[in-house]
Participant: 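Input: one structure, supplied below.
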Amino acid sequence: MRRLLTVFRTHPFLSAGLTLALAATLFFAVRAAMFAVYWADPAHRDQPIQGWMTPRYVAMSWDLPPEVLREALGPAMPEPGERRTLAEIAADTGIPLPR
């Protein structure tokens with residue numbers, strides 16, 4: 001323990017960098033585990049399509065390739081990084097969602 005404190009005192013920037021790298025690794029490991037647990041649950045796969053869902057959620061839930069979804073939505077397909085729900089897309093295009 002004493003040796004570890006000595007390293008932290010003699011190399012503060014390297015120690016801070018190591019601490020930040022370990023924190024980032026832990027964050028992304030927990031995040032990956034949470035995604036794995038969420039999508040492993042059968043209740044989150046093949047859900048009926050609803051207005052609150054985003055195209056990406058539908059693609060992940062139904063295991064659709066992006067090309068199929070892009071073809072189905074056509075020009076209404078949101079740009080990458082744009083988070084629009086199916087209800088918003090339907091309202092913009094004037095096509096009602098089935099209830």
Side-chain angles (χ1 to χ4, degrees):
M1 182 70 175
R2 187 176 281 193
R3 186 171 185 188
L4 185 63
L5 288 175
T6 304
V7 170
F8 274 100
R9 286 186 187 130
T10 56
H11 304 289
F13 293 114
L14 291 176
S15 301
L18 176 64
T19 303
L20 285 174
L22 291 174
T25 302
L26 179 65
F27 171 78
F28 287 113
V30 169
R31 187 171 183 248
M34 287 173 51
F35 276 123
V37 168
Y38 181 84
W39 287 109
D41 184 3
H44 293 118
R45 287 181 270 145
D46 302 335
Q47 290 184 350
I49 296 175
Q50 298 176 2
W52 62 266
M53 295 178 176
T54 62
R56 182 170 183 235
Y57 184 91
V58 173
M60 291 181 74
S61 177
W62 286 85
D63 196 25
L64 294 173
E67 298 81 32
V68 172
L69 198 59
R70 198 172 296 116
E71 182 180 316
L73 290 176
M77 181 74 174
E79 295 295 322
E82 185 181 2
R83 296 183 60 108
R84 294 176 53 204
T85 63
L86 294 178
E88 293 169 346
I89 293 169
D92 289 346
T93 59
I95 301 171
L97 284 176
R99 295 197 184 255

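Side chains included, hydrogens not; waters and symmetry mates left out as well; all remaining heavy atoms used. In this text, all values refer to a predicted model and were calculated from it rather than measured experimentally.
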Participant: Quick one: CG on Leu26 to CZ on Arg31, what's the gap to the nearest 0.5 Å?
Facilitator: 13.5 Å
Participant: How long is the span from the OG atom in Ser15 to the CG atom in Leu5, to the nearest 0.5 Å?
Facilitator: 10.0 Å
Participant: Indicate the atoms forming the closest heavy-atom contact of Pro55 with Ile89, along with that distance.
Facilitator: CG-CD1, 3.7 Å
Participant: Which atom names give the shortest non-hydrogen contact between Leu73 and Pro78, and what distance separates them?
Facilitator: CD1-CD, 4.5 Å
Participant: Following the transitive rule for hydrophobic clusters with a side-chain heavy-atom cut-off under 4.5 Å over Ile, Leu, Val, Met, Phe, Trp and Tyr, establish whether Val7 and Leu14 coincide in one cluster.
Facilitator: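 Different clusters: Val7 never reaches Leu14 through Ile, Leu, Val, Met, Phe, Trp or Tyr contacts under 4.5 Å.
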Participant: Would you call the rings of Tyr38 and Tyr57 parallel, tilted or perpendicular, taking 30° and 60° as the class edges?
Facilitator: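 Tyr38 and Tyr57: perpendicular rings.
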Participant: Just verifying a value: how many Å separate Leu97 CG and Trp52 CH2, rounded to the nearest 0.5 Å?
Facilitator: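 Nearest 0.5 Å value for the CG-CH2 distance: 13.0 Å.
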Participant: Tell me if a side-chain donor or acceptor on Glu71 pairs with a main-chain N or O of Val68 at a distance below 3.5 Å.
Facilitator: no
Participant: Rounded to the nearest 0.5 Å, what's the gap from CD on Glu88 to OG1 on Thr54? Could you check?
Facilitator: 10.0 Å
Participant: Check whether more than 12 heavy atoms from other residues, nucleotides or ligands sit under 6.0 Å from atom CD of Glu82, and answer yes or no.
Facilitator: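 Atom CD in Glu82 is crowded, with more than 12 foreign heavy atoms closer than 6.0 Å.
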Participant: Nearest 0.5 angstrom please: Leu86 CG to Gln50 CD, how far?
Facilitator: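 Rounded to the nearest 0.5 Å, the CG-CD separation comes to 10.0 Å.
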Participant: With sequence neighbours excluded, what pairs up with Asp92 under the salt bridge (charged side-chain N to carboxylate O under 4.0 Å, His left out) test?
Facilitator: Arg84
Participant: Nearest 0.5 Å please: distance from the CE atom of Met53 over to the OG atom of Ser61.
Facilitator: 6.0 Å
Participant: Just wondering, do Phe8 and Thr19 contact through their side chains at under 4.5 Å, heavy atoms?
Facilitator: yes
